[in-house]
J.: 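Can you read through this structure? Questions will come right after.
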Amino acid sequence: MLKKMGEAVARVARKVNETVESGSDTLDLAECKLVSFPIGIYKVLRNVSGQIHLITLANNELKSLTSKFMTTFSQLRELHLEGNFLHRLPSEVSALQHLKAIDLSRNQFQDFPEQLTSLPALETINLEENEIVDVPVEKLAAMPALRSINLRFNPLNAEVRVIAPPLIKFDMLMSPEGARAPLP
């Protein structure tokens, strides 16, 4: 067990160092068994955090993200958080004014993360395979850049299914009522 933890920590350190040393605009910490975003990474990335435009934290065990994460990486254009245990986003997600795409699929959202509707550059939202019933259709319709939202395999209520299509100017992907996600 300790050996596996050590290997996971070494993997994270290696990936963070690669980002710093190469001056990359990408931080990929997918499949690193993270239960939270490591605090030490803020210090290591302090001189390059403004250059990072894409962060991937997919397929970890994250239950939440802190406000510090959102404010530190405020220059993000893409954020991949699919395959975690997230059920909400901090209000500071509003700091991500340049964010164009967010992937929150395969998490545990029961409520639509309405803070996303305040992001002016957001073009793509993926919330596939969550537990969302209701969606703020009017707020989504008012988003200037939104082009696509994926809500497949969510137990959306009938009202959303009826009201949304005539109000929206973007692609809204929904599964047939009662559809279940395929087993992995």
Side-chain angles (χ1 to χ4, degrees), residues 25-30 37 50-60 62-67 69-184:
D25 69 347
T26 300
L27 176 61
D28 183 354
L29 297 177
F37 190 80
Q51 298 168 211
I52 296 177
H53 293 155
L54 185 153
I55 293 181
T56 300
L57 293 166
N59 303 314
N60 280 293
L62 299 172
K63 291 185 175 75
S64 65
L65 286 175
T66 64
S67 55
F69 177 88
M70 298 299 169
T71 55
T72 300
F73 299 107
S74 61
Q75 297 301 313
L76 281 180
R77 305 291 191 274
E78 288 185 51
L79 182 55
H80 296 273
L81 298 166
E82 65 271 20
N84 281 288
F85 300 107
L86 300 171
H87 58 92
R88 65 179 181 78
L89 294 174
S91 59
E92 290 80 3
V93 76
S94 61
L96 303 179
Q97 294 292 300
H98 305 285
L99 193 68
K100 290 181 177 283
I102 188 164
D103 190 340
L104 297 165
S105 61
R106 298 184 338 272
N107 274 285
Q108 297 179 348
F109 286 90
Q110 293 180 343
D111 297 316
F112 186 93
E114 286 199 38
Q115 310 96 307
L116 296 178
T117 63
S118 70
L119 301 179
L122 195 57
E123 297 174 358
T124 305
I125 302 170
N126 187 350
L127 281 159
E128 185 172 357
E129 287 186 52
N130 279 279
E131 294 298 321
I132 297 170
V133 174
D134 199 18
V135 177
V137 176
E138 294 82 10
K139 289 182 179 181
L140 289 169
M143 292 178 70
L146 190 62
R147 292 195 328 228
S148 173
I149 181 167
N150 182 349
L151 292 165
R152 286 186 286 213
F153 303 114
N154 279 281
L156 298 172
N157 68 33
E159 188 176 306
V160 168
R161 293 173 179 283
V162 172
I163 290 175
L167 293 177
I168 59 175
K169 59 188 182 300
F170 50 85
D171 292 330
M172 187 167 178
L173 306 174
M174 297 182 279
S175 298
E177 204 165 346
R180 294 274 170 231
L183 296 173

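Note that these values count all heavy atoms, side chains included, but never hydrogens, waters or copies made by symmetry. Quantities reported herein were computed from a predicted structural model and do not represent experimental measurements.
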J.: Decide if atom CD of E159 counts as having more than 12 heavy atoms of other residues, nucleotides or ligands within a radius under 6.0 Å.
T.: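 No, because the 6.0 Å sphere around CD of E159 holds 12 heavy atoms or fewer from other groups.
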J.: If you take all heavy atoms of H53 and Q75, which pair is closest and at what distance?
T.: CD2-O, 3.3 Å
J.: Who pairs with F112 by ring pair (Phe, Tyr, Trp, His ring centres under 6.0 Å), at least two apart in sequence or on another chain?
T.: none
J.: With a 3.5 Å distance limit and no angle check, can you tell me whether N84 reaches the backbone of N60 through a side-chain donor-acceptor pair?
T.: yes
J.: Output all residues satisfying side chain to side chain donor-acceptor pair (under 3.5 Å) with S118, sequence neighbours left out; order by chain, then residue number.
T.: none
J.: According to side chain to side chain donor-acceptor pair (under 3.5 Å), who are the partners of R147, at least two apart in sequence or on a separate chain?
T.: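 Checked R147 against side chain to side chain donor-acceptor pair (under 3.5 Å); matches are E123.
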J.: Would you compute the distance between atom CD of Q115 and atom OG of S94 and round it to the nearest 0.5 angstrom?
T.: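 Rounded to the nearest 0.5 Å, the CD-OG separation comes out at 8.0 Å.
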J.: Within the structure provided, determine whether V160 and M172 are in side-chain contact (heavy-atom separation under 4.5 Å).
T.: yes
J.: Apply side chain to side chain contact (heavy atoms under 4.5 Å, CB included) to L81 and L65, showing your working.
T.: CA-CA 10 Å; L81 298 166; L65 286 175; 3.6 Å; yes
J.: Apply side chain to side chain contact (heavy atoms under 4.5 Å, CB included) to residues F73 and L79 and explain how you reach the verdict.
T.: CA-CA 10 Å; F73 299 107; L79 182 55; over 6 Å; no
J.: Sort and list the pairs that fulfil salt bridge (Lys or Arg N to Asp or Glu O under 4.0 Å) and have at least one residue in residues 74-87, not counting sequence neighbours.
T.: none
J.: Check side-chain contact (heavy atoms from CB on, under 4.5 Å) between T26 and all other residues, then give those that pass, not counting sequence neighbours.
T.: S24, L54
J.: What's the spacing between L89 CG and S67 OG if we round to 0.5 Å?
T.: 12.5 Å
J.: Can you tell me how far the CG atom of L96 sits from the OG atom of S74, to the nearest 0.5 Å?
T.: 7.5 Å
J.: How far does CE of M143 sit from CD1 of I125, to the nearest 0.5 angstrom?
T.: 4.5 Å
J.: If you look only at pairs with a residue in residues 103-114, which of them pass as a salt bridge (Lys or Arg N to Asp or Glu O under 4.0 Å), with sequence neighbours excluded?
T.: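 Found E114-K139.
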J.: List the atom of A145, the atom of P120, and the distance in Å for their closest heavy-atom pair.
T.: CB-O, 3.4 Å
J.: Only counting residues at least two apart or in another chain, list the ones meeting side-chain contact (heavy atoms from CB on, under 4.5 Å) with R152.
T.: E128, N150, L173, S175
J.: In chain order, what residues pass the ring pair (Phe, Tyr, Trp, His ring centres under 6.0 Å) check against F109, with sequence neighbours excluded?
T.: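 F109 satisfies ring pair (Phe, Tyr, Trp, His ring centres under 6.0 Å) with no other residue.
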J.: Compare all side-chain heavy atoms of L104 with those of P113 and state whether any distance is below 4.5 angstrom.
T.: yes
J.: With sequence neighbours excluded, what pairs up with T71 under the side-chain contact (heavy atoms from CB on, under 4.5 Å) test?
T.: E92, A95
J.: Got a donor-acceptor contact below 3.5 angstrom from the N154 side chain to the E131 backbone?
T.: yes
J.: Please report the shortest heavy-atom distance between F85 and N107, naming the atom on each side.
T.: N-OD1, 3.4 Å
J.: Listed by chain and number, what are the side chain to side chain donor-acceptor pair (under 3.5 Å) partners of E138, not counting sequence neighbours?
T.: none
J.: So do the side chains of L86 and Q108 get within less than 4.5 Å of each other, counting heavy atoms only?
T.: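 With C-beta onward as the side chain, the pair stays apart.
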J.: Could you measure the distance from the CG atom of D171 to the CG atom of L146? Nearest 0.5 Å is fine.
T.: 9.5 Å
J.: Can you name the residues that form a side-chain contact (heavy atoms from CB on, under 4.5 Å) with Q51, not counting sequence neighbours?
T.: V48
J.: Only counting residues at least two apart or in another chain, list the ones meeting ring pair (Phe, Tyr, Trp, His ring centres under 6.0 Å) with F153.
T.: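 By the ring pair (Phe, Tyr, Trp, His ring centres under 6.0 Å) rule, F153 matches no residue at all.
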J.: Is there a side chain to side chain contact (heavy atoms under 4.5 Å, CB included) between Q110 and N130? Walk through the geometry before answering.
T.: CA-CA 7 Å; Q110 293 180 343; N130 279 279; over 6 Å; no
J.: Let's go through F37 and T66 carefully: what are the C-alpha distance in whole Å and the side-chain angles of both, what is the deciding distance for side chain to side chain contact (heavy atoms under 4.5 Å, CB included) to 0.1 Å, and is it a yes or a no?
T.: CA-CA 8 Å; F37 190 80; T66 64; 6.0 Å; no
J.: Which atoms form the tightest heavy-atom contact between A141 and K169, and what is the distance?
T.: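 Smallest heavy-atom distance, with atoms named: O-NZ, 2.7 Å.
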J.: How many angstroms lie between atom CG of L27 and atom CD1 of I55, to the nearest 0.5 angstrom?
T.: 5.0 Å
